[in-house]
Amino acid sequence: MSQKPSIPKGTRDFTPRETAQRNYIFDTIKSVFRLYGFQQIETPAMENLITLMGKYGEEGDKLLFKILNSGDFLSGISEEELKEANSLRLAGKIAEKGLRYDLTVPLARFVVQNRHSISFPFKRYQIQPVWRADRPQKGRYREFYQCDADVVGSNSLMNELELIQILDEVYQRLKIKVIIKLNNRKILSGIAEIIGESENLTNITVAIDKLDKIGLQKVNEELLSKGISQGAVEKLQPILNLHGSNAEKLQQLKTVLGSSATGLQGISEMETLFNLCDTVSLNAVLSLDLTLARGLNYYTGVIIEVIASDVQIGSISGGGRYDNLTGMFGMPGVSGVGISFGAERIYDVLTQLNLFPENQSEQTKILFVCFGEKEQAYCLPLLKTLRELGINAELYPDLDKLKKQMSYADQQSIPFVGIVGENEMRENKVMLRNMKTGIQQLCSLKEIIDTIQ
RNA sequence: GUGGAUAUAGCUCAGUUGGUUAGAGCGUCGGAUUGUGGUUCCGAAGGUCGCGGGUUCGAAUCCCGUUUUCCACCCCA
């Protein structure tokens with residue numbers, strides 16, 4: 001027996017049904033992106049490793065898929081280096097390319113490299129797979145899609161507003177009820193400053209991000225274990241316990257962060273943004289959530305996260321502003337703000353809530369089944385006409401028994417079958433069977449079109 | 001990267017303290033029905049029991065290694 005086929009760990013095949021469902025998600029997102037004036041770009045699956053390395057922190061470097069150099073990849077490696085067997089050092093010499101880890105770094109590279117042909121503000125969207133050499137888990141894969149929309153080269157909070165509207169519109173169209181959580185990195189910086197732990201900002205944000213998940217007690221323990229002083233942790237408590245409306249929270253923060261210029265600027269940004277949001281009447285609930293820190297350290301302003309209110313699955317979208325997006329590629333002073341839809345999780349939410357539309361537009365509307373070659377030939381012009389009218393139609397290619405041909409239609413959920421034999425040809429008609437009701441009727445081409453369109 | 005579980009037909013799973021020829025349901029194919037699918041009935045095909053080694057008269061079953069998938073942690077979408 002030949003070997004059992006398999007695919008690499010953490011990757012998936014998609015059946016026609018799954019692909020149709022995924023396209024429903026992608027098409028919905030795409031059409032909203034376009035509605036707001038975003039244009040699509042694509043970048044290669046592989047980037048030069050030097051472009052990717054060091055952009056995602058130490059953890060990130062480990063999770064990069066590296067591509068072995070073509071040809072004799074060991075040429076130019078000295079005996080000593082081979083004996084040393086230092087995988088990390090050797091990897092840098094025998095692999096010069098890697099699979100992209102996200103769509104943001106390729107965007108930064110794209111902007112810098114194509115600056116001659118783009119003008120700011122540059123509004124682009126990108127829907128492509130990314131790869132991470134992570135250990136797969138439920139809802140986590142080594143190959144998955146990201147759907148990003150970013151505005152590059154504009155500092156205006158109007159962009160944040162538009163991205164929030166996009167989130168709102170997409171989830172309204174997908175019929176998913178969501179809460180949009182907002183925070184601001186500058187407020188987090190201000191807090192760290194006030195409690196005298198500015199240099200520990202990352203540890204603080206990582207810890208308080210878990211508040212919902214592990215509770216206040218455990219968060220405090222983690223803070224202390226990361227070297228945050230007891231006094232600082234105590235000062236943090238009233239901030240973690242903030243409550244009230246968004247405006248009330250901001251008001252309370254203003255007094256707490258009074259001596260931090262950065263903090264006050266963050267508060268002012270959020271006030272502006274909430275006021276802007278009030279003018280456009282969103283469906284989603286907007287919530288200022290100070291525990292929202294997100295792992296990504298490159299955010300510098302507004303931070304956005306979306307969770308589904310009817311399903312417990314974690315965040316289904318995220319985003320934020322990152323100043324100096326292109327600085328790492330030698331083009332300083334360009335700000336970016338973007339959002340990303342988590343297609344895999346959205347798929348899970350739609351599945352759980354049974355929200356996929358039943359009638360896929362990609363589906364075949366009518367299948368012709370025949371008894372012989374003459375009948376098949378008779379069908380060809382009919383098929384052509386139907387297809388010209390945009391009606392998805394197909395002909396069963398083999399002269400199998402009618403039973404077999406019919407069950408094919410049944411399995412594909414094709415709603416109509418056109419049966420053609422000598423009798424039908426004689427009358428220049430087709431026996432049209434409605435597969436749902438079982439009713440069938442001798443029809444002319446025009447009658448077929450009127451019935452199934 | 002750390003820890004735990006798992007692997008038997010295309011799929012979902014049974015399989016007794018280790019004992020003849022490893023089973024079921026679903027699916028597939030054929031027939032009942034040569035011009036009619038989804039229901040029903042009958043029949044058939046389909047397995048190196050993840051892979052490699054060990055213990056034993058004898059291993060799907062016990063032991064070791066390895067891989068896979070799943071779960072938790074780290075991190076993340």
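- Taking the C1' atoms as reference points, B:U17 lies 12 Å from B:C62, given to the whole Å.
- Using a 4.0 Å heavy-atom criterion, one finds that A:Gly10 contacts the sugar-phosphate atoms exclusively.
- Put simply, the residue from A:Arg140, A:Arg12, A:Arg142 that forms a salt bridge (charged side-chain N to carboxylate O under 4.0 Å, His left out) with A:Glu344 is A:Arg12.
- One can find a donor-acceptor pair under 3.5 Å joining the base of B:C75 and the side-chain atoms of A:Arg140.
- Going from atom CZ of A:Arg22 over to atom P of B:A77 covers 17 Å, rounded to whole Å.
- B:A24 and B:C63: their P atoms are spaced 29 Å apart (whole Å).
- Atom CD of A:Glu305 and atom P of B:A77 are 9 Å apart (whole Å).
- Side-chain atoms of A:Ser335 and A:Asp323 include a donor-acceptor pair closer than 3.5 Å.
- In this structure, A:Tyr125 has its ring center closer than 6.0 angstrom to the ring center of A:Phe33.
- Stem analysis of RNA chain B (Watson-Crick or G-U pairs, both distances under 3.5 Å, runs of at least three) returns B:1-5 with B:69-73, B:10-13 with B:23-26, B:28-32 with B:40-44, B:50-54 with B:62-66.
- With hydrogens and angles left out, the side-chain atoms of A:Thr104 and A:Tyr322 include no donor and acceptor closer than 3.5 Å.
- Here the separation of B:U8 from B:U48, taken at their C1' atoms, is 12 Å to the nearest Å.
- Every residue meeting the side chain to side chain contact (heavy atoms under 4.5 Å, CB included) condition with A:Gln146, not counting sequence neighbours, appears here in chain and number order: A:Asp102, A:Leu103, A:Val130, A:Arg132, A:Phe144, A:Asp148, A:Ser340.
- Distance noted for atom C1' between B:G52 and B:A7: 15 Å (whole Å).
- Between the A:Asp61 side chain and the A:Gly54 main chain, a donor and an acceptor come within less than 3.5 Å of each other.
- With both ends at atom P, the span from B:C76 to B:C11 equals 36 Å, rounded to whole Å.
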Whether each nucleotide of nucleotides 27-37 of chain B has a protein heavy atom under 4.0 Å at its base (B), only at its sugar-phosphate (S) or at neither (-) is summarised, 5' to 3', as -SS-S---BBB
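- For the 3.5 Å distance criterion, the side chains of A:Glu305 and A:Asn183 fail to qualify, holding no donor opposite an acceptor.
- The base of B:U2 is paired with the side chain of A:Arg135 by a donor and an acceptor separated by under 3.5 Å.
- Comparing B:U2 with B:G10, their C1' atoms are spaced 36 Å from each other, to the whole Å.
- Counting heavy atoms from C-beta on, the side chains of A:Phe26 and A:Cys147 come closer than 4.5 Å.
- Using a 4.0 Å heavy-atom distance criterion, A:Phe341 is classed as making no nucleic acid contact.
- The side chain of A:Lys62 contributes no N or O atom lying less than 4.0 Å from OP1 or OP2 of B:C74.
- The C1' atoms of B:U28 and B:G35 are separated by 25 Å, rounded to the nearest whole Å.
- For A:Gln137, whose side chain is taken as the heavy atoms from C-beta onward, the closest listed nucleotide among B:A72, B:C75, B:A77 is B:A72.
- One atom, CG of A:Asp134, and another, P of B:U2, lie 14 Å apart when rounded to the nearest Å.
- Spacing of C1' atoms, B:G19 relative to B:U66, comes out at 29 Å, to the nearest Å.
- Atom CZ of A:Arg142 is separated from atom P of B:U69 by 8 Å (rounded to the nearest Å).
- In this structure, A:Ile7 places its CD1 atom 12 Å from C1' of B:U69, rounding to the nearest Å.
- Taking atom CG of A:Asp348 as the reference point, atom C1' of B:A77 lies 11 Å away to the nearest angstrom.
- Atom OH of A:Tyr141 is separated from atom C1' of B:C71 by 14 Å (rounded to the nearest Å).
- Checking side-chain atoms of A:Arg22 against main-chain N and O of A:Tyr347 turns up no donor-acceptor pair under 3.5 Å.
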Worked check of salt bridge (charged side-chain N to carboxylate O under 4.0 Å, His left out) between A:Arg173 and A:Glu169: CA-CA 6 Å; A:Arg173 290 189 184 191; A:Glu169 177 72 25; 2.8 Å; yes
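- Taking atom CD1 of residue A:Ile346 and atom C1' of nucleotide B:A77, one finds them 10 Å apart after rounding to whole Å.
- Between the side chains of A:Arg109 and A:Thr43, not a single donor N or O lies within less than 3.5 Å of an accepting N or O.
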